[in-house]
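What follows is one structure encoded as structure tokens, with my remarks underneath.
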There are 2 protein chains.
Amino acid sequence: MGRPPRIGRDQVLTAALALADDHGLEGLTMAAVAERLGVTPMALYRHVSNKADLLDGLVERLLTEFPPPPAELSWPERLSVLASNVRASARRHPSVFSLLLQRPATTKEARATRQAVYAALAEAGVAEERVAQVERLVSTAVLGFAVSEVAGRFSRHSRRQLDADFDALQGLLAGFIQAADPAGRED
Amino acid sequence: MGRPPRIGRDQVLTAALALADDHGLEGLTMAAVAERLGVTPMALYRHVSNKADLLDGLVERLLTEFPPPPAELSWPERLSVLASNVRASARRHPSVFSLLLQRPATTKEARATRQAVYAALAEAGVAEERVAQVERLVSTAVLGFAVSEVAGRFSRHSRRQLDADFDALQGLLAGFIQAADPAGRED
DNA sequence: ACCTGAACACCGTTCAAGT
DNA sequence: ACCTGAACACCGTTCAAGT
């Protein structure tokens with residue numbers, strides 16, 4: 001009969017994310033997640049269908065961490081806030097973050113974030129039929145940088161250097177977006 | 001006493017790479033590599049110190065696959081050839097390629113490739129003190145795209161669309177490189 | 001020097017059983 | 001409905017032993 005649940009999917013994901021943040025992806029075992037929740041490993045399978053499903057859940061969690069920026073900012077400010085949020089999320093969750101490159105971002109929150117970028121690009125004057133492609137390139141560059149940074153490709157470089165690189169990257173992208181304005185630009 | 005070796009590190013890496021290409025990273029087990037070589041799993045440990053070392057070896061292998069382009073080409077052509085080689089290598093080795101984001105490229109071959117990019121950038125007129133940073137940003141963007149493509153982030157998009165995106169990415173980067181020329185530009 | 005056989009700790013996952 | 005105990009196939013890795 002009905003027995004009160006001791007854990008739920010949310011708690012499983014929360015425990016798993018904390019574990020991955022603290023001990024890396026190879027510290028993320030079903031047994032370790034279960035122990036953190038005071039439960040046997042097999043209890044988890046009522047809430048996630050298997051480990052792949054658990055990882056999918058973690059990726060969804062991450063996509064939630066960069067919500068659309070405040071609408072009252074200018075478009076360059078909004079894109080900059082967004083990029084910084086992405087980078088900060090990568091630093092918080094270095095192991096799980098790399099998984100973002102493995103699946104299309106199809107959750108509701110991811111869609112909202114993408115729409116926010118579309119809006120900024122449209123406001124910047126990017127032609128409607130190019131907006132989706134420009135969003136893809138810009139996201140790829142930011143994501144590629146953030147993953148490289150937390151996964152270890154830049155481990156030879158100082159934090160100071162990486163901050164400067166990230167600024168330069170944003171400059172690069174802003175310049176590209178301006179240039180994608182079919183009305184041209186002058187300033 | 002001296003016994004003729006039946007296998008060497010090279011053959012271990014070759015077998016491992018083929019296995020990963022065919023069956024993905026989770027099909028790459030020590031047992032499977034050994035079987036492919038007609039040997040017991042424990043025999044491998046004489047040639048690689050452990051599985052992490054084996055993966056490091058595979059990454060080194062990949063870095064070998066995009067050699068510096070022919071010097072007689074113009075700098076935009078050389079960068080374009082290089083970018084295409086990177087993308088082609090990603091498509092040949094989809095599972096292993098993602099690991100490239102995890103370590104700094106410090107092998108001899110990787111250094112030669114980087115030097116080739118430096119040379120192209122210098123020829124394009126990028127200021128000497130900015131060459132290293134521009135190289136990092138350009139490489140990150142190309143690598144980020146290639147990894148996204150083979151790891152699955154773009155799985156919703158057609159090959160046609162991705163080809164167009166890659167072209168646009170190269171245009172973006174060429175524009176940035178031109179703009180980084182301190183002498184300005186006119187055409 | 002190189003490979004093997006037996007063994008160990010650990011992993012994800014199943015199934016039937018308990019409440 | 002939710003959790004447990006026992007069990008299974010598989011994994012990376014060790015060590016002593018064979019040639």
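Naming: A, B, ... by sequence-line order, numbering from 1 per chain. Predicted model only: the values in this text are computed from it and were never measured.
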Point to revise | Minimum heavy-atom distance A/Ser89-A/Phe66, with the two atoms named | key: OG-CE2, 3.8 Å
**Study point:** Which atom of A/Val150 lies closest to which atom of A/Ala90, heavy atoms considered
**Key:** CG1-O, 3.4 Å
Review point. Run the side chain to side chain donor-acceptor pair (under 3.5 Å) check on B/Glu109 and B/Thr113 step by step: do they pass?
Key: CA-CA 6 Å; B/Glu109 290 89 352; B/Thr113 305; over 6 Å; no
Exercise for review: Check whether the side chains of B/Glu135 and B/Ser139 place a donor and an acceptor atom closer than 3.5 Å, and report yes or no.
Suggested key: yes
Check your understanding: Can A/Arg87 be said to sit on top of A/Phe145's aromatic six-ring, NZ or CZ under 6.0 Å from centre and within 45° of the ring axis?
Key -> no
Review point. Is A/Glu123 atom CD crowded by more than 12 heavy atoms from other residues, nucleotides or ligands, each under 6.0 Å away?
Key: yes
Check your understanding: More than 12 non-hydrogen atoms from neighbouring residues, nucleotides or ligands closer than 6.0 Å to CZ on A/Arg111, yes or no?
Key -> no
Could you list, one pair per line, each protein nitrogen or oxygen that sits under 3.5 Å from a nitrogen or oxygen of nucleotides 3-6 of chain D, together with the distance?
from	atom 1	to	atom 2	distance (Å)
D/dC3	OP1	A/Arg6	N	2.6
D/dC3	OP1	A/Ile7	N	3.2
D/dC3	OP2	A/His47	NE2	2.9
D/dT4	OP2	A/Thr40	N	2.8
D/dT4	OP2	A/Thr40	OG1	2.3
D/dT4	O5'	A/Thr40	OG1	3.2

Between [N] ([atom2]) and [X] ([atom1]): distance, integer Å:
{"X": "B/Glu26", "N": "C/dC11", "atom1": "CD", "atom2": "P", "answer": "18 Å"}
{"X": "B/Glu35", "N": "D/dC10", "atom1": "CD", "atom2": "P", "answer": "12 Å"}
{"X": "B/Met30", "N": "D/dC11", "atom1": "CE", "atom2": "P", "answer": "12 Å"}
{"X": "B/Tyr45", "N": "D/dC11", "atom1": "OH", "atom2": "P", "answer": "12 Å"}
{"X": "A/Leu55", "N": "C/dT13", "atom1": "CG", "atom2": "P", "answer": "10 Å"}

Exercise for review: Both distances under 3.5 Å, Watson-Crick or G-U wobble: report the partner of C/dT19, or none.
Suggested key: D/dA1
Review point. Using purine N1 to pyrimidine N3 plus N6-O4 or O6-N4 for Watson-Crick, or N1-O2 and O6-N3 for G-U wobble, both under 3.5 Å, which nucleotide pairs with C/dA6?
Key: D/dT14
Point to revise | Derivation of the side chain to side chain contact (heavy atoms under 4.5 Å, CB included) call for A/Arg136 and B/His157 | key: CA-CA 11 Å; A/Arg136 251 174 270 135; B/His157 300 278; 3.5 Å; yes
Check your understanding: When you measure from every atom of DNA chain D, which of residues 9-21 of chain B have a heavy atom less than 4.0 Å away?
Key -> none
